[in-house]
Enquirer: 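What follows is a single structure, and I will ask about it in a moment.
Everything numeric in this text was worked out from a predicted model, so none of it was measured. Chain A is the first sequence line, chain B the second, and so forth, proteins listed ahead of strands; every chain is numbered from 1.
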There are 2 protein chains.
Amino acid sequence: MPNDDRRPRRATIHDVVSESGVSRGTVSRVLNDERYVSAEARIAVEAAVAKVGYVRNTAARNLKSQRSRAIGLVVHEPHSVFLEDPNIGAILLGTNTVLSEADYQLVSLVVDSDRDSARVAEYLSGGFVDGVVIISARAADPIARAVAKLGIPAAFVGHPPEISGIPWVGIDNRAAARAITARLIATGRRRVGMIVSALDRDSGRDRLAGFRDALGDAFDPGLVVDYPLYAYRSGSDGMAELLRRSPDIDGVFAASDAIAAGAMDWLRGTNKAVPLDIGVVGFDDSAWALRCQPLLSTVRQPADELGRRAAESVLSQIQGAVPGEGGIMLDTAIVWRDSA
Amino acid sequence: MPNDDRRPRRATIHDVVSESGVSRGTVSRVLNDERYVSAEARIAVEAAVAKVGYVRNTAARNLKSQRSRAIGLVVHEPHSVFLEDPNIGAILLGTNTVLSEADYQLVSLVVDSDRDSARVAEYLSGGFVDGVVIISARAADPIARAVAKLGIPAAFVGHPPEISGIPWVGIDNRAAARAITARLIATGRRRVGMIVSALDRDSGRDRLAGFRDALGDAFDPGLVVDYPLYAYRSGSDGMAELLRRSPDIDGVFAASDAIAAGAMDWLRGTNKAVPLDIGVVGFDDSAWALRCQPLLSTVRQPADELGRRAAESVLSQIQGAVPGEGGIMLDTAIVWRDSA
DNA sequence: TTGTACGCGTTATCAC
DNA sequence: GTGATAACGCGTACAA
């Protein structure tokens with residue numbers, strides 16, 4: 001094969017061998033700081049390494065050792081959510097914290113199209129990672145399928161439906177939704193609606209279920225509007241729709257803080273005051289919550305901890321542990337502020 | 001070497017060979033969809049692949065082909081900024097868009113500690129990527145050094161000082177800062193201060209320089225306060241300090257929207273009204289800007305485009321192009337809203 | 001059309 | 001202590 005680019009070929013052990021005059025075995029021993037190598041040999045090798053600019057090719061080493069000491073993090077969110085949702089960043093940093101401590105390299109892979117999805121699946125099965133953490137997988141996800149087929153250590157953040165054999169760590173969305181809706185009712189709201197989102201995932205479905213639990217007989221399907229994305233825009237559109245359907249609405253549970261922010265901004269253009277005429281609550285305790293006027297009451301999600309636990313699960317599987325069926329649910333907390 | 005974990009060994013071409021009865025060469029040809037393979041052989045191989053569950057080991061293939069079709073994205077930001085700055089996400093998606101189209105896999109590497117820094121440098125020089133995009137590199141960055149030493153195709157987003165030979169794409173921070181400060185002055189502000197940040201990087205230094213340019217003789221060093229991070233907290237602390245130093249201040253240029261938001265929230269607790277008593281402007285046109293009350297006037301940064309251009313530069317270098325000295329500056333725009 | 005043999009850059013296992 | 005030599009899993013020139 002012709003060397004079609006003009007870039008200089010990187011030095012290999014072989015170059016160090018011919019430069020230093022010692023054998024490949026000895027060079028390798030020096031490089032890996034092993035015993036049984038003479039001082040002269042060591043010096044000769046080190047000089048040669050410096051001279052030819054040798055840098056170890058870890059990829060080749062991994063081929064031999066059959067492990068990469070790298071773990072993938074797949075982020076599968078639509079464009080707008082990816083940009084707005086601070087939980088993703090926190091999960092990423094939590095995951096990285098644990099892996100970094102164990103001296104594993106975290107490599108993040110973002111899925112932003114079907115093409116990405118296929119390529120990432122290919123990447124994960126290519127032997128580049130020893131394990132994988134997957135955020136917000138979809139039901140018929142080629143990535144989840146690839147991971148399940150290969151049987152590489154994996155953990156989901158969030159609980160994707162209809163995929164078994166892979167452990168997950170998430171929050172109890174239903175209980176949290178029930179709790180915050182209950183307090184909305186306890187403060188005297190009678191006509192309580194919800195802006196739901198992401199019904200194709202457990203988070204969306206369970207938040208709706210919890211809302212329904214809390215309302216019991218008072219649940220009115222007409223006061224539920226559905227928008228696919230956990231986004232600001234869903235909030236403004238959703239609030240407008242709710243007011244159109246039922247002008248006497250006096251409470252709203254938004255499925256995320258971004259949605260709540262959109263809803264509150266929309267309300268500002270109406271004659272309804274928050275929290276006097278209508279109470280609004282959100283979900284996530286993200287940066288959005290603190291930027292609302294008045295400050296948003298919401299559910300705190302331990303995003304950082306989600307990442308940590310998922311990473312720990314993957315690491316333990318790499319060490320041979322067999323994950324139990326089902327998943328781990330982390331506690332959430334209600335942060336009661338001024339919006340309801 | 002004992003197979004110390006109980007995980008089933010993944011199938012290799014060799015398994016397919018013994019299952020199908022044809023030779024390794026033929027198996028390889030079927031796998032790569034080449035010509036000169038009989039129908040029977042193809043069928044036999046495909047059946048065997050399905051039966052043993054063979055999946056190609058791309059890592060091994062790369063060792064042979066000497067290319068990975070993967071490109072690294074190094075994000076080097078402190079914790080809080082990583083979580084708050086939406087530009088990072090936009091740059092990431094922009095980069096991914098271009099690479100995805102060229103069928104390259106983007107792998108993101110976050111640097112959150114010195115340990116990460118060393119490991120990422122090691123990773124980049126390990127032969128896992130054909131090129132790298134680096135966001136907000138530091139001057140004495142081991143990562144930038146490693147990349148420069150190896151000579152792998154690279155591009156910076158933002159202009160790190162004292163590193164040459166690697167092209168960069170950024171914005172003209174100085175001109176943008178000059179322009180927005182000029183408009184602050186044009187609206188009648190007389191005592192204008194600045195909350196600067198990140199002076200260890202070009203963005204921070206150049207924004208300060210532009211501010212100084214615009215003020216000319218009116219520049220007062222006493223009205224400049226410095227906080228290391230582009231963060232909300234820097235804004236509240238900085239605003240408090242400015243008011244302490246000079247209660248008659250009537251204009252503030254915050255080095256980022258997050259800082260501006262912190263400053264405006266602090267002002268809400270004082271007797272100074274925005275924009276009546278004091279004008280505030282920011283930088284980035286991030287989500288922060290829209291959450292300010294009143295809406296923040298700021299500088300729009302084409303983050304998505306920064307990522308695209310950096311990716312394009314790396315791709316062209318992979319194809320043999322030699323990058324010119326210096327970098328590319330993208331245009332910014334002032335978004336004039338209500339805060340000044 | 002198919003099979004064989006070699007090399008990609010490392011590390012590990014042997015004799016010496 | 002050191003130096004051959006055999007893997008790791010794959011692609012491919014070359015011979016058949």
Enquirer: Just how far, in rounded Å, is C1' of C/dG9 from CG of B/N57?
Expert: 15 Å
Enquirer: If you only use heavy atoms from C-beta on, which nucleotide in C/dG3, C/dT10, D/dC10 is closest to the side chain of B/A60?
Expert: D/dC10
Enquirer: For D/dG3, does either OP1 or OP2 sit under 4.0 Å from a side-chain N or O belonging to A/S23?
Expert: yes
Enquirer: D/dG3 base to A/R29 side chain: any donor-acceptor pair below 3.5 Å?
Expert: yes
Enquirer: Closer than 4.0 Å, any side-chain N/O of B/S65 to the OP1 or OP2 of D/dC10?
Expert: no
Enquirer: Any salt bridge linking B/R308 with B/E312? Criterion: basic side-chain nitrogen under 4.0 Å from a carboxylate oxygen.
Expert: no
Enquirer: Measuring to OP1 and OP2 of C/dG3, would you say a side-chain N or O of B/T26 lies under 4.0 angstrom away?
Expert: yes
Enquirer: Measure from the side-chain heavy atoms of A/R56 and tell me the nearest of D/dG11, C/dT11, D/dG9.
Expert: C/dT11
Enquirer: Do NZ/NE/NH1/NH2 and the carboxylate oxygens of B/R309 and B/D304 come within less than 4.0 Å?
Expert: no
Enquirer: Compare side-chain N and O positions of A/Y36 against OP1 and OP2 of D/dG3 and report whether any pair is under 4.0 Å apart.
Expert: no
Enquirer: Nearest whole Å is fine: how far is C/dG7 C1' from B/R61 CZ?
Expert: 17 Å
Enquirer: A/R9 has an atom CZ; how far is it from atom C1' of C/dG7, in whole Å?
Expert: 13 Å
Enquirer: If you compare every side-chain N and O of A/N62 against the phosphate oxygens of D/dC8 (OP1, OP2), does one of them come in below 4.0 Å?
Expert: no
Enquirer: Is the distance from OP1 or OP2 of D/dT2 to the nearest side-chain N or O of A/S38 less than 4.0 Å?
Expert: yes
Enquirer: Expressed in angstrom and rounded to an integer, what is the separation of B/I13 atom CD1 from D/dG9 atom C1'?
Expert: 7 Å
Enquirer: Strictly by modelled atom types, are A/S68 and A/D130 linked by a side-chain donor-acceptor pair under 3.5 Å?
Expert: yes
Enquirer: If we ignore angles and hydrogens, is there a donor and acceptor under 3.5 Å between the side chains of A/S313 and A/Q317?
Expert: yes
Enquirer: For D/dT2, take OP1 and OP2 only and decide whether either is under 4.0 Å from a side-chain N or O of A/R24.
Expert: no
Enquirer: Do the side-chain N or O atoms of B/S28 get closer than 4.0 angstrom to the phosphate oxygens (OP1, OP2) of D/dG11?
Expert: yes
Enquirer: Specify the residue among B/V37 and A/E34 whose closest nucleotide of DNA chain C lies further upstream toward the 5′ end.
Expert: B/V37
Enquirer: By nearest nucleotide on DNA chain C, pick out whichever of B/Q66 and B/G25 is the more 5' one.
Expert: B/G25
Enquirer: Centroid-to-centroid, A/F128 to B/F128, below 6.0 Å?
Expert: no
Enquirer: Nearest to the B/L63 side chain among D/dT2, D/dG9, D/dC8, which nucleotide is it?
Expert: D/dG9
